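From a predicted model like this one, the values you see are computed outputs, not experimental measurements.
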Amino acid sequence: MNDVRTERRVRGGGGAARRAERTAVSMDTAKFITRNIPNFEILNDEALEIIEWNADTVLEEIGVNFVENPAALQLWREAGADVRGERVHIPRGLARELCKTAPSTFTQHARNPERNVVIGGKGLVLAPVYGPPFVRDNEGGRRYATMEDFRNFVKLGYMSKWLHHSGGTVCEPTDVAVNKRHLDMLLAHMTLSDKPYMGSVTEPVRAEDSVTMSKILFGEDFVDQNTVMTSLININSPLTFDSTMMGALEVYAKHNQAAIISPFIVGGAMAPVTVAGTLTQVLAEVLAGVAYSQLIRKGAPVIFGAFVTSIDMNSGAPTFGTPEAAHITYGAGQLARRMGLPYRSGGAFCGSKLPDAQAAYETANSLNMALLAGVNFMLHACGWLEGGLVSSYEKFVLDADQLGTLHHLAQGVSMDENGQAMDAIREVGPGGHYLGCQHTQANFKSAFWRTDVLDYKPYETWEEEGARDSATLANQRVKKLLRDYQAPALDPGIAEALESYVAQRKASEPDAFG
């Protein structure tokens, strides 16, 4: 990494870069979570073996569609699959064999090496909401997202202690042309934060732009040899791999950049209504997608993804925080571990229109479920509202605050001498109190998780301060974070090169909003 830093200083003019480093504010970001608690395993070995057998049956007998992608069909033929039109029938065991070359863990590098994350194993990396076309805040209500909103969410993510990752499309900026907005979004992640980020997947050429811009940021040799991006490759469930997503996957796999292979499941609509049936389909789709990534490049980093919700059978709307979704999330985690792959699932899911009690219940259920399921990469960890249609400013900071509880839960119970606290029990004895004892004084700063948003003051104080509810407190927190924000240091030469590339690419084609 020292070579990369030296290269940056030469390109950026040395002195200016060093001055930027000295004057920048370094944000306190917690290291990605390492679990010291067991995963919750809901399925026994017999159940897992049945699901694995059924998934192979689906691949062999029913097959999967690779649409509008002749090159993919040819790769499958060469690998030994039976290709009939655009339907690929994968012989039993072939997909699982191909998946064996995918790594069980990998490091995603950030431009600030202190923010690097390891994805897989006992780790849990938290990333913000992804994809909503709308935003909401207390003042403006619900509205279409803009590029200013996007930049604000990147700043909030950078300022949030418990978030390890800047994410990707934290909202969809509708005021920028569809064919150009990815350039502005990537530029925001690269310049307004120094946490890891995600690449664009909406067209293969946009994935290529993501790689090119990453090479400007990190250096070409570094990107060739390391993973600096994660991308979200959604499967068109049931059992369909479209050319747009597969084209993006091909770009990232070729360049050794990570991809989340993620079925998009709404139970009862895109998958069966039963847990075992849904898990069978999820596994079949992941097996085919991961295997295909390895046909592109053996050893390319991938993540076993499972975005799963149920459906309200009266309205047809997706539901969140439900026990059925928990069953599937737990089971998919077991299947991912049996494949030896990192696991993506969970998030701050809710169907509520506001950051209210419904949002809190559903989000708490979803977050705790993901922690116990053994998730390694959690997208949508904060900011999700209205079934993923809205990025909420207030919910973003409320959720980000609550992510601290996951860090503390994952630590488990310390049984060392300090954890046993026998000295404190001896010192206080019967009838005393622990507030002033030596053990409490030594541990009070780190003993308990502390909120930065919620109110624990006495009633009289709360009333004097305006009787503020949680949404009001969160709104004030948003304003404070954005007011205090300072961009992380970046070599001026690199920043200039990135801005020049974005300007050149934007000028190279007309705007398209379709």
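For His189 (side chain) and Gly168 (main-chain N/O), a donor-acceptor pair under 3.5 Å exists by modelled atom type. A donor-acceptor contact shorter than 3.5 Å is absent between the side chain of Gln411 and the backbone of Asn36. A donor-acceptor pair under 3.5 Å is absent between the side-chain atoms of Glu114 and the main chain of Asn112, judged by distance alone. With hydrogens and angles disregarded, a donor-acceptor distance shorter than 3.5 Å links the side chain of Ser214 to the backbone of Ser210.
Heavy-atom minimum distance, Leu406 versus Leu367: CD2-O, 4.1 Å. The nearest pair of heavy atoms linking Ile296 to Ala253 is CG2-CB, 3.8 Å. The two atoms that bring Leu473 and Val453 nearest to each other are CD1-O, 3.6 Å, heavy atoms only. Minimum interatomic distance between Thr174 and Phe513 (heavy atoms only, all atoms of both residues): O-CE2, 4.1 Å. Of all the heavy atoms in Ile235 and Val286, the pair that sits closest is CD1-N, 4.4 Å. Shortest non-hydrogen contact noted between Pro355 and Glu394 is CG-CB, 4.3 Å.
If you check the side chains of Lys395 and Thr363, you find a donor sitting under 3.5 Å from an acceptor. Counting only N and O atoms by type, the side chains of Asp209 and Tyr501 include a donor and acceptor under 3.5 Å apart. Neither side chain, Asn138 nor Tyr393, offers a donor N or O lying under 3.5 Å from an acceptor on the other. Side chain to side chain, Thr451 and Asp401 meet the donor-acceptor criterion of an N or O pair below 3.5 Å. In this structure, a donor-acceptor pair under 3.5 Å is present between the side chains of Asn475 and Glu139. Side-chain N/O atoms of Gln108 and His165 include a donor and acceptor closer than 3.5 Å.
Between Arg142 and Glu386 there is a salt bridge, since a side-chain N of the basic residue sits under 4.0 Å from a carboxylate O of the acidic one.
Annotation: the span from Asp137 atom CG to Asp149 atom CG amounts to 7.5 Å, rounded to 0.5 Å. Annotation: the span from Arg505 atom CZ to Lys180 atom NZ amounts to 9.0 Å, rounded to 0.5 Å.
Leu232 pairs in a side chain to side chain contact (heavy atoms under 4.5 Å, CB included) with only one of the listed residues (Ile260, Ile261, Ile303), which is Ile260. The side chain to side chain contact (heavy atoms under 4.5 Å, CB included) test with Trp384 singles out one residue from Cys350, Ser392, Ser352, Pro128, and that residue is Cys350.
Every pair passing side-chain hydrogen bond (donor to acceptor under 3.5 Å, both in side chains) that includes a residue from residues 284-297 is listed here, sequence neighbours excluded: Thr101-Gln294, Ser237-Glu285, Glu250-Tyr292, Gln281-Glu285. Among residue pairs with one or both ends in residues 186-195, those qualifying as salt bridge (Lys or Arg N to Asp or Glu O under 4.0 Å) are Arg115-Asp194; sequence neighbours excluded.
By the 4.5 Å heavy-atom criterion applied to side chains, Lys215 and His255 are counted as neighbours. Annotation: side chain of Lys298 is not in contact with side chain of Leu98 (no heavy-atom distance under 4.5 Å). Side-chain contact check for Val201 versus Met245: some heavy-atom pair is nearer than 4.5 Å.
For Glu97, the salt bridge (charged side-chain N to carboxylate O under 4.0 Å, His left out) partners are Lys100, not counting sequence neighbours. Checked against salt bridge (charged side-chain N to carboxylate O under 4.0 Å, His left out), Glu86 has no partners two or more places apart in sequence or in another chain. Under the ring pair (Phe, Tyr, Trp, His ring centres under 6.0 Å) criterion, Tyr252 pairs with no residue, sequence neighbours left out.
The aromatic rings of Phe66 and Phe241 sit parallel to each other, their planes meeting at less than 30°, with 60° as the upper class boundary. A tilted orientation is assigned to the rings of Trp162 and His407, their planes being inclined by 30° to 60°.
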Result block: side-chain N/O donor-acceptor pairs under 3.5 angstrom for residues 372-379, not counting sequence neighbours:
{"from": "Asn376", "atom 1": "OD1", "to": "Tyr343", "atom 2": "N", "distance (Å)": "2.8"}
{"from": "Asn376", "atom 1": "ND2", "to": "Gly121", "atom 2": "O", "distance (Å)": "3.0"}
{"from": "Asn376", "atom 1": "ND2", "to": "Gly123", "atom 2": "O", "distance (Å)": "2.9"}

